[in-house]
Amino acid sequence: MNMQRFDPSVADGRWQRAWDEARCFEADSASARPKTYVLEMFPYPSGRIHIGHVRNYTMGDVLARYRKMQGFEVLHPMGWDAFGMPAENAAMEKGVHPAGWTYQNIATMKGQLKQLGFALDWSREFATCDPEYYGHEQALFIDLYEADLVYRWTSEVNWDPVDMTVLANEQVIDGRGWRSGAEVEKRKLDQWFLKITQFAEELLAGVQGLENWPAKVRLMQENWIGKSQGLEFSFTLSNGDRLPVYTTRPDTIFGASFVAVAADHPLAQAVAMNNCEAASFIAQCKKGGTTAAELETAEKLGFDTGISARHPFTGANLPVFIANFVLMDYGTGAIMAVPGHDQRDFDFASKYGLPIPRVVAASLEEAAKPFDGEAEAGEGVLVNSGFLDAMSVEEAKREVISRAEAGGWGKGTTVWRLRDWGVSRQRYWGTPIPFIHCPTCGVVPVPRDHLPVKLPDDVDFSTPGNPLLRHPTWKHTHCPKCGGAAERETDTLDTFVNSSWYFLRFASQPKDKPFDAAEVAQWMPVDQYIGGIEHAILHLLYARFWTRALAHVGKLEVQEPFASLFTQGMVTHEVYSRRDGAREVYFTPAEVDRSGQAAVLKADGQPVAIGKVVKMSKSKKNVVDPEDIIREYGADAVRWFMLSDSPPERDLPWSESGIEGCWRFVQRLWRLFGQYDAAAQGEDEGLARKTHQTIAAVAADIEALAFNKAVARIYELTSAAEKSAPSASRNHAIRALLLMASPMMPHLAEQGWA
RNA sequence: GCGGGCGUGGUGAAAUUGGUAGACGCGCGGGAUUCAAAAUCCCGUUCCGCAAGGAGUGUGGGUUCGAUUCCCACCGCCCGCACCA
């Protein structure tokens with residue numbers, strides 16, 4: 001190697017091989033060292049590594065290498081979240097087998113990750129589509145079934161009649177299937193569910209203990225679980241029926257001036273049977289936008305059913321409306337409306353000329369105070385409320401609940417927003433649900449010694465629908481109980497199940513069971529988990545649930561899987577485009593010459609428009625391929641760039657000049673290493689002080705994941721060392737710089753050390 | 001609409017508990033080296049001003065000896081969402 005210049009094309013491969021051969025990064029569960037578990041969210045093998053992966057895994061790698069330097073036994077594994085729709089889409093579009101496509105992608109992406117020199121324990125690598133992994137998953141699913149945490153239930157799904165498949169809500173665009181364009185139908189299907197709601201209380205309480213999670217993510221989890229406490233009671237209707245409603249403000253019951261039910265409430269349906277006006281109103285409710293903003297600003301609309309409801313205390317007759325702002329799937333799908341103290345009810349009452357009584361005021365003297373154009377949801381004392389007058393809101397809530405319970409017409413209830421988790425997918429490329437349907441014995445779990453239930457290889461994607469369902473032989477089997485002819489379950493598990501326990505399998509991977517509890521206890525919880533904010537709710541909640549559920553059935557001791565969570569920002573880039581008639585045509589950064597004032601297309605020398613700096617995405621073509629830049633600048637410059645400048649939680653704008661600056665710094669450090677002078681003597685007090693200050697600061701910055709600040713400190717000490725005359729202190733500064741840079745630029749550091 | 005976050009040079013950003021605003025990087029300007037270039041090195045770079053000096057952390061107030069930091073109001077941007085009774 002040329003001593004004047006650091007050549008990553010030689011050094012990177014050399015050290016990557018050396019680390020592999022010495023098995024430097026294989027974690028020993030039996031080690032006596034203090035242990036730490038650093039984990040980044042494992043990737044979906046979509047084809048190639050993108051720059052977001054590079055940033056994510058570089059951050060984790062710095063921490064893992066830093067901990068190793070501190071003497072920790074570090075578990076830093078990598079694997080593949082390998083089941084999912086894109087593989088089936090590729091199968092349909094390109095005629096390739098999902099397994100072949102997936103494993104090919106894994107091979108490509110693993111090669112790309114290796115080029116970045118990550119300190120990963122590849123000995124623990126697995127893909128969730130490996131039969132060994134999903135077989136253990138099937139065993140865990142049966143464990144949960146036996147613990148009564150799995151059940152079957154008929155629920156409504158979005159059904160694409162052309163593709164013959166269930167669609168997720170996000171795949172339904174304007175009421176049509178995203179691929180087929182066919183009008184989506186609602187269909188009732190027997191589906192498998194996990195009882196996550198049984199853990200709602202502890203999942204919510206557990207959020208409190210997650211001090212090292214971003215406050216934003218904790219809040220999102222709390223809101224998703226959505227606990228509310230109130231009163232459920234029934235109105236007696238003028239037609240003799242009873243109508244259950246739920247309210248979180250039982251204190252305001254004397255302020256109720258009407259009752260409202262959701263458009264798809266049974267009562268609304270019944271009214272529509274012999275009232276076509278009602279039927280058309282209900283149909284109208286089902287149209288319209290579904291985004292939060294549209295819903296919030298939509299006009300409150302109602303239909304008077306002509307039915308009335310008797311107030312439980314006053315005996316007054318309240319009109320019953322069908323209203324567009326009442327949700328069927330929350331509470332009971334019916335409400336008592338208190339316009340004075342709920343804005344939606346206020347808007348509705350104003351529109352339909354209904355009374356707006358005041359039942360809460362700042363003081364008893366203000367009982368007659370008019371409303372100032374909006375509802376008052378705040379604190380105060382009860383007024384105009386009979387026996388509740390002068391009570392606080394909280395006192396009044398308790399009083400109404402206790403009277404309702406004593407009178408037998410209602411009870412205090414906790415309502416959760418969280419729903420049980422439907423895990424059935426009518427697809428091929430997922431974990432087969434290990435159950436058998438027997439006409440005699442019903443639903444029977446597959447015996448454990450028959451696991452894994454493997455996916456058949458010979459499947460046909462030329463016609464729509466679930467290939468498992470129409471496979472000629474796969475589903476035909478015998479009942480484990482009675483031995484009679486029976487059929488396998490052809491649904492597969494939601495891929496979120498795969499990612500709900502993979503961190504346990506990384507920690508411990510015996511052949512004969514999913515994991516060993518004692519070995520898992522050596523590593524869990526994950527000390528630092530790093531990934532994208534897009535997983536703030538579903539993945540993190542499901543993983544928390546699985547961990548608790550497995551602890552509940554005695555398989556685990558930990559309750560919370562991730563002690564610290566960090567959500568990193570995105571990598572962004574300018575967008576280049578040109579108008580072509582009605583269409584906007586996008587160009588990649590590689591196709592554009594950005595050296596002058598304006599951006600011009602290399603192909604024709606004509607200018608292109610410079611758009612906003614946004615997340616790199618294929619559709620906007622503002623992507624940089626990590627492999628290209630690694631080839632050009634080496635792994636260390638790329639890693640250094642990922643850590644420089646922007647704080648890791650914020651977006652990182654990619655720039656060509658930025659990566660070039662990093663490349664220059666790699667060479668600058670290399671030259672400095674070359675100035676290490678074993679013969680140099682003497683103290684340089686100023687430089688020595690600076691060296692120790694830098695060591696302290698860089699350590700603190702890495703601990704806090706403030707990599708941009710650590711980088712700046714290293715720059716400062718580098719400049720100071722360059723300017724100093726040879727001395728023992730300077731040699732020490734150079735060695736310190738090499739060590740401090742090594743988690744970030746490991747190839748350069750190894751080469752320098754050698 | 002509700003909830004959360006953020007506003008600092010041309011630019012990405014720093015700034016322990018309130019104490020020299022702009023560290024460090026990018027870019028830009030000037031110079032050295034070179035036949036020339038690349039690479040490298042040196043100097044400068046918040047704004048106004050020749051200078052002395054003045055202004056300055058989204059805007060307007062406030063607290064304080066002192067505010068990027070704390071409080072109030074407003075403006076702008078970003079993210080999340082569930083009309084949740």
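Labels below follow one simple rule: chain letters A, B, ... track the order of the sequence lines, proteins then strands, and each chain is numbered from 1.
Across all strands shown, B:U20 remains unpaired; no Watson-Crick or G-U wobble contact has both distances below 3.5 Å. In this structure B:A36 sits in no base pair that meets the Watson-Crick or G-U test at under 3.5 Å. With a cut-off of 3.5 Å on both pairing distances, the Watson-Crick or G-U wobble partner of B:G10 is B:C26. Of the nucleotides present, B:G80 is the one that pairs with B:C2 by Watson-Crick or G-U wobble criteria, both distances under 3.5 Å. Pair assignment for B:G53 gives B:C48, based on Watson-Crick or G-U wobble hydrogen-bonding distances that are each under 3.5 Å.
Listed candidates were B:C24, B:A13, B:C84. Nearest to the side chain of A:Leu327 is B:C84. Side-chain proximity of A:Pro653 to B:A85, B:G12, B:C24: nearest is B:G12. Between B:A14, B:C83, B:C24, one nucleotide has an atom nearer to the side chain of A:Tyr715 than all others, and that is B:C24. Of the candidate nucleotides B:A82, B:C83, B:A13, B:A82 has the atom lying nearest to any side-chain atom of A:Asn223. Comparing B:G80, B:A23, B:A13 by their nearest atom to the side chain of A:Ala712 picks out B:A23. Side-chain proximity of A:Ser657 to the nucleotides B:C26, B:C84, B:C24 is greatest for B:C26. Among the nucleotides B:G12, B:A82, B:C83, the one closest to any side-chain atom of A:Arg417 is B:A82.
Classified by interplanar angle (parallel below 30°, tilted 30° to 60°, perpendicular above 60°), the ring pair A:His539/A:Phe562 is tilted. The aromatic rings of A:His573 and A:Tyr576 lie perpendicular to each other, with more than 60° between the two planes, well past the 30° mark. Ring pair A:Phe313/A:His311 is tilted by interplanar angle, where 30° to 60° counts as tilted.
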- Item | Candidate pair A:Ser228 and A:Tyr330, rule side chain to side chain donor-acceptor pair (under 3.5 Å), full reasoning | CA-CA 11 Å; A:Ser228 75; A:Tyr330 185 81; 2.9 Å; yes
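For the pair A:Arg344 and A:Asp347, the salt-bridge criterion is not met [side-chain N within less than 4.0 Å of a carboxylate O]. With salt bridges taken as basic N to acidic carboxylate O contacts below 4.0 Å, none links A:Arg398 and A:Glu395. Note on A:Glu399 versus A:Arg403: salt bridge recorded, some NZ/NE/NH1/NH2 to OD/OE distance being below 4.0 Å.
Between A:Asn708 and B:A14 there is a side-chain N or O to OP1 or OP2 distance below 4.0 Å. When the side-chain nitrogen and oxygen atoms of A:Ser655 are compared with OP1 and OP2 of B:G12, none of them lie within a distance under 4.0 Å.
One N or O donor and one acceptor, one from the side chain of A:Lys300 and one from the base of B:C83, sit under 3.5 Å apart.
For B:G18, the glycosidic angle deviates from 0 by more than 90°, giving an anti base.
Looking at heavy-atom distances under 4.0 Å, A:Tyr246 makes contact with a base. No engagement by A:Ser644 is indicated, since no non-hydrogen atom pair under 4.0 Å with the nucleic acid exists. No engagement by A:Gly331 is indicated, since no non-hydrogen atom pair under 4.0 Å with the nucleic acid exists. No engagement by A:Val415 is indicated, since no non-hydrogen atom pair under 4.0 Å with the nucleic acid exists.
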Every protein N/O within reach of nucleotides 4-8 of chain B N/O, cut-off under 3.5 Å:
none

For nucleotides 36-44 of chain B, list the nitrogen or oxygen atoms of the protein found under 3.5 Å from its nitrogen or oxygen atoms, one pair per line.
residue: B:U40; atom: O3'; partner: A:Arg671; partner atom: NH2; Å: 3.3

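One interatomic measurement links the two molecules: CD of A:Glu649 to P of B:C79, which rounds to 16 Å at whole-angstrom precision.
For A:Arg358, the CZ atom sits in a packed shell: over 12 heavy atoms of surrounding residues, nucleotides or ligands are nearer than 6.0 Å.
Taking the side chain to side chain contact (heavy atoms under 4.5 Å, CB included) definition, one finds that A:Ala349 meets it with A:Phe258, A:Pro339, A:Leu354, A:Ile356, sequence neighbours left out.
Each of A:Arg713 and A:Ile533 lies near RNA chain B, and the nucleotide nearest A:Arg713 is the one positioned closer to the 5' end.
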